[in-house]
Each structure stands twice: as structure tokens, then as C-alpha cells.
S.K.: 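Below is one structure. I have some questions about it.
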Protein chains: 2
Amino acid sequence: MTPWGGTVLQSIELSLSESEALLRAGSTGRIAISTPEGPHIIPVNYSLVADRVVVRTSPYSLLGTHASGTVLAFETDHFDHQQQRGWSVLVRGRGEVITDPATLQAIRQVWPPRPWAAGNRNLHVGIRLTEITGRRLGDGWDVMETLDGHTARAV
Amino acid sequence: MTPWGGTVLQSIELSLSESEALLRAGSTGRIAISTPEGPHIIPVNYSLVADRVVVRTSPYSLLGTHASGTVLAFETDHFDHQQQRGWSVLVRGRGEVITDPATLQAIRQVWPPRPWAAGNRNLHVGIRLTEITGRRLGDGWDVMETLDGHTARAV
């Protein structure tokens with residue numbers, strides 16, 4: 001059978017420190033959660049704090065109601081279509097609702113809430129960094145070059 | 001309890017035609033697949049063809065071995081950190097391995113393989129467009145403005 005495949009970009013595993021650096025620099029990603037009806041993907045803002053990927057959500061959202069104790073996958077990436085380059089970092093682990101006041105304080109200091117905007121995203125879900133995998137697509141370039149556009153802290 | 005939440009960007013549902021237009025213009029996304037060990041997220045190149053989101057993969061990959069008959073979630077998005085805007089389109093449905101020669105021909109015409117690069121991504125997995133949801137984050141702007149950077153066709 002003739003291979004239909006297009007260009008196979010070399011997919012190279014990143015080091016743990018590269019993966020963590022990319023995670024630390026970013027602020028948007030996606031969480032996948034399995035349900036009886038199959039997986040869902042939810043775009044999120046996140047922060048890397050207290051050794052976790054932390055997201056804010058409403059207690060009434062899919063994440064808010066299902067994440068606690070469930071294995072989640074969190075992914076963040078960057079694709080450069082022109083140069084056929086990219087990277088992707090994946091963190092997997094059980095979601096935990098963060099209630100410890102000291103941890104919440106640490107989160108607020110790194111990721112301040114916006115006092116002028118009311119909101120109901122008052123539930124913090126964290127995924128510990130026990131399972132991190134990073135991949136680079138395409139060879140001969142440094143993933144850290146891509147961070148310029150990613151350091152703006154969104155909320 | 002004081003709300004910790006940051007800015008709650010208005011999350012507005014996109015129309016079906018807007019969601020399809022965004023899907024059609026893009027070429028990278030992520031697929032979530034549930035496994036007994038929890039969900040995984042796989043970054044993919046994709047094409048919208050034959051009423052499906054189509055991805056190429058190796059028969060030996062996680063997708064290649066698990067996708068057929070399994071409910072998958074495919075997501076593509078765009079985040080503008082500076083302007084606090086973004087959109088996300090989600091397609092969910094059962095993965096099907098595409099073997100029909102006419103369909104494969106239609107795919108090759110829209111998404112040509114690169115003849116000078118050998119590869120083993122010769123398995124085509126499709127997700128029909130029966131469940132599409134699109135969301136816009138932030139208000140007062142047109143999602144179609146973001147398409148300029150997304151029309152380069154990757155493989």
C-alpha cells in the first residue's frame with residue numbers, strides 16, 4: 001500500500017526542564033476530561049504554581065463538577081505553520097480541587113484576580129506535575145525561541 | 001467566599017457557519033482520546049474534507065490503534081493574549097478509519113501528500129461533523145479577523 005502520509009516532521013522528546021520552561025511561560029491550554037459520553041476538550045487559562053498546573057473554573061462547569069479525582073490531560077502547544085515547526089507539552093494526572101488557604105494565597109500572588117471584574121470562576125483545579133511529556137516537531141531549532149509571544153499573562 | 005476568579009471573558013457560542021469556517025481555515029488542532037488510564041491529548045495536522053475532520057497517523061500510534069469506533073474530541077483554537085480574545089471549536093464523534101478509495105482520493109486532492117518525504121502516516125482517521133460547538137471569548141470583535149495566520153496549509 002502506497003503511503004499517503006505527508007511530511008513526517010521529526011517528533012523529538014523534550015527534556016523535562018524544557019517542558020517545564022515552556023509550561024511556565026504559557027498561559028493558555030486545553031484540558032481533556034473523559035465522560036461516559038466520551039472525552040471533552042475545554043480551552044483554559046492556566047498558571048504553573050505550587051507544583052501544579054492550576055486552572056480557574058466555575059463550580060457548575062463540566063470541569064468544576066467532574067474534575068476532582070478524575071484523571072485529566074492538560075496540553076499546551078505552539079505551531080509555526082510557515083516554518084513547519086512546533087512543540088507540545090502534555091501533563092496528565094488526577095484533578096484536585098484546591099482548598100488549602102496557603103496554596104490559594106500562593107496562587108493569588110502569582111496569578112492575581114482582577115478586582116474590577118466580578119466572576120464565578122472561583123474554583124481552582126490543579127494537576128500535579130508528575131507526568132509531563134514534551135515533544136518538538138521539526139528539527140534544528142530551539143523551542144525557547146518561540147516563547148516571545150507566550151509570556152503575556154492572561155487571566 | 002470571596003470570588004478568586006480573574007476576568008470572566010464572555011464566552012459566546014458561535015454559529016454553525018462561523019465554526020465551520022474556522023475549522024476549514026485551520027490546519028492544526030488536538031485530538032483527545034479516552035483510555036483506561038484516562039484521557040490523552042495528541043496534537044495533529046488536520047484537513048476538513050469529505051464532511052469530516054481528517055487526520056493522518058501511523059497505524060502503530062495511540063490514535064492508529066484506538067481511534068476506530070471510539071468517541072474522539074477534536075479541538076482547534078486561537079488565543080490573542082494581548083487583546084484577551086480567542087475562539088475555540090470542538091468536534092466530537094466516533095473515529096473512523098477511512099479506507100474507501102474514492103474518499104481517500106478526495107482527501108489527497110485537498111491535502112496532497114509530499115512525495116519527496118517517506119513516512120508511515122498512512123492511516124486516515126475521520127470524525128464526522130455531527131457535533132460541532134464553537135465559542136468566542138471576549139466580545140465586540142469578529143472571529144474571522146483571526147484567520148490570516150491560519151490559512152497556511154500544513155501537512
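A, B, ... follow the sequence lines: proteins, then strands. Residue 1 opens every chain.
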S.K.: In terms of hydrophobic clusters joined by side-chain contacts under 4.5 Å, are A:V89 and A:Y46 together?
M.R.: yes
S.K.: Just checking heavy atoms, which of residues 29-41 of chain A are less than 4.5 Å from chain B?
M.R.: A:G29, A:R30, A:I31, A:A32, A:I33, A:S34, A:E37, A:G38, A:P39, A:H40, A:I41
S.K.: Which one wins on heavy-atom pair count under 4.5 Å against chain B: A:R92, A:R94, A:R135?
M.R.: A:R92
S.K.: Distance check, rounded to the nearest 0.5 Å: A:T28 atom OG1 versus B:D80 atom CG?
M.R.: 10.5 Å
S.K.: With clusters defined by side-chain heavy atoms of hydrophobic residues (ILVMFWY) lying less than 4.5 Å apart, directly or transitively, does A:L14 cluster with A:V53?
M.R.: yes
S.K.: Can you confirm whether B:W87 sits close enough to A:P43 that some side-chain heavy atom of one is under 4.5 Å from a side-chain heavy atom of the other?
M.R.: no
S.K.: Does A:D100 have more than 12 heavy atoms from other residues, nucleotides or ligands lying within 6.0 Å of its CG?
M.R.: yes
S.K.: Against chain B, label A:L72 side chain, backbone, both or neither, depending on which of its atoms sit under 4.5 Å from a heavy atom there.
M.R.: backbone
S.K.: Is B:I42 reachable from B:L48 through a run of I, L, V, M, F, W or Y residues, each pair having side-chain heavy atoms under 4.5 Å apart?
M.R.: yes
S.K.: Out of curiosity, does A:L90 fall in the hydrophobic cluster containing A:L63 (side-chain heavy atoms, cut-off under 4.5 Å, transitive links)?
M.R.: no
S.K.: In terms of hydrophobic clusters joined by side-chain contacts under 4.5 Å, are B:L62 and B:V55 together?
M.R.: yes
